[in-house]
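Notes follow once the structure below has been shown.
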Amino acid sequence: QRHLLGIEPLRPEEITTILDLADRYVALGRSRDKHAQSLAGLTQINMFFENSTRTQASFELAGKRLGADVMNMAMQASSIKKGETLIDTALTLNAMHPDLLVVRHPQSGAVDLLAQKVNCAVINAGDGRHEHPTQALLDALTIRRAKGRLHRLTIAICGDVAHSRVARSNLLLLHKMENRIRLVGPATLMPAGIDDFGAEVYDDMREGLRDADVVMMLRLQKERMDGGFIPSEREYYHRYGLDADKLSHAKDDAIVMHPGPMNRGVEIDGTIADDINRSVIQDQVEMGVAVRMAAMDLLARNLRANPKTLSA
Ligand code: CP
């Protein structure tokens, strides 16, 4: 693949290739010398039009560990503020011959559009409600390492599914890898056309979590609920917040995941989030660096194998 814009176009064997390479980068990240040279001589520009802690930091670290020249565009201080369009901004940066653009944007489809206008590789770091492919890949790596496999697991994705690109990318990936997926949450927070996703839908947490191997919690994304129904946090926590009682319905060895940022006491109890016997939330962060190293390494190999696409 020239770009990584979503999980949708990836084949299961391509997903496995990324995860296998990421496993090697986990080992490198735990060693004293964390450097490799896969991106040496290449330029990576990170363009985040929406706030980020984990994704931006891990892409920067991943690029630096692989030897790239990494530039973080401060989009809040850019000429976007003077009315320059996304495409003009991208064309301007494209003229500086980057090899990799990492882009986060609040509008679904914006990153795909941008990828059509530039001649370097583009990675989607999250676009609106559409996709967040590297999040789904790091979640998959976390599950595979914790459970020893990435197929035939019962995985409950809980909460605000409607506004979540994380849920969408995870659904696509976990479905491709032949898992049983449950979407758990209030009907008001389920997307239209939910039946097309090949998942079971529950509005009761205890039923949805029954015998689950993986419990993946989602943030309540109030900033995307433009004028629609916004549940009260207290009521939401009572019915859908993950606490010890609700978690007791999952398997005894079920793992708890959350992509972050977390709202403790809204979608998850802080004690559960910090329970090192159940929660793999910090592992997800570690896997994020490794998966992003693997994704950029594979795109760079493709760039080098097809020099016409290498910015020169
Ligand atoms: N999970 C995730 O995308 O987190 P950030 O918004 O902090 O990057």
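Counting begins at 1 with the first residue of the sequence. Note that ligands are numbered from 1 as they come in the structure, with each ligand's atoms numbered from 1 the same way.
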Distances under 3.5 Å, N/O of ligand 1 against N/O of the protein: list each pair and its distance.
residue, atom, partner, partner atom, Å
ligand 1, 1 (N), Q135, OE1, 3.0
ligand 1, 1 (N), P259, O, 2.9
ligand 1, 1 (N), G260, O, 3.2
ligand 1, 3 (O), T55, OG1, 3.0
ligand 1, 3 (O), R104, NH2, 2.9
ligand 1, 3 (O), H132, NE2, 2.9
ligand 1, 4 (O), R54, NE, 3.1
ligand 1, 6 (O), R104, NH1, 2.9
ligand 1, 7 (O), T53, N, 2.8
ligand 1, 7 (O), R54, N, 3.0
ligand 1, 7 (O), R54, NE, 3.1
ligand 1, 7 (O), R54, NH2, 3.1
ligand 1, 8 (O), S52, OG, 2.6
ligand 1, 8 (O), T55, N, 2.9
ligand 1, 8 (O), T55, OG1, 2.6
ligand 1, 8 (O), R104, NH1, 3.4
ligand 1, 8 (O), R104, NH2, 3.4

Go through the side-chain N and O atoms of H132 and R104 and say whether any donor and acceptor fall under 3.5 Å apart.
-> yes
Q. Would you call R239 and E235 a salt bridge, taking side-chain N to carboxylate O under 4.0 Å as the test?
A. no
Exercise for the section: For the pair E267 (side chain) and N263 (backbone), establish whether a donor and an acceptor sit closer than 3.5 Å, ignoring hydrogens and angles. Expected result: yes
Taking I181's backbone N and O only, do any of them form a donor-acceptor pair with N179's side chain (distance below 3.5 Å, no angle check)? no
Count the heavy atoms belonging to other residues, nucleotides or ligands that lie under 6.0 Å from CZ of R24, then report whether that count exceeds 12. no
Closest non-hydrogen contact found for A125 with F59 is CB-CE1, 4.1 Å
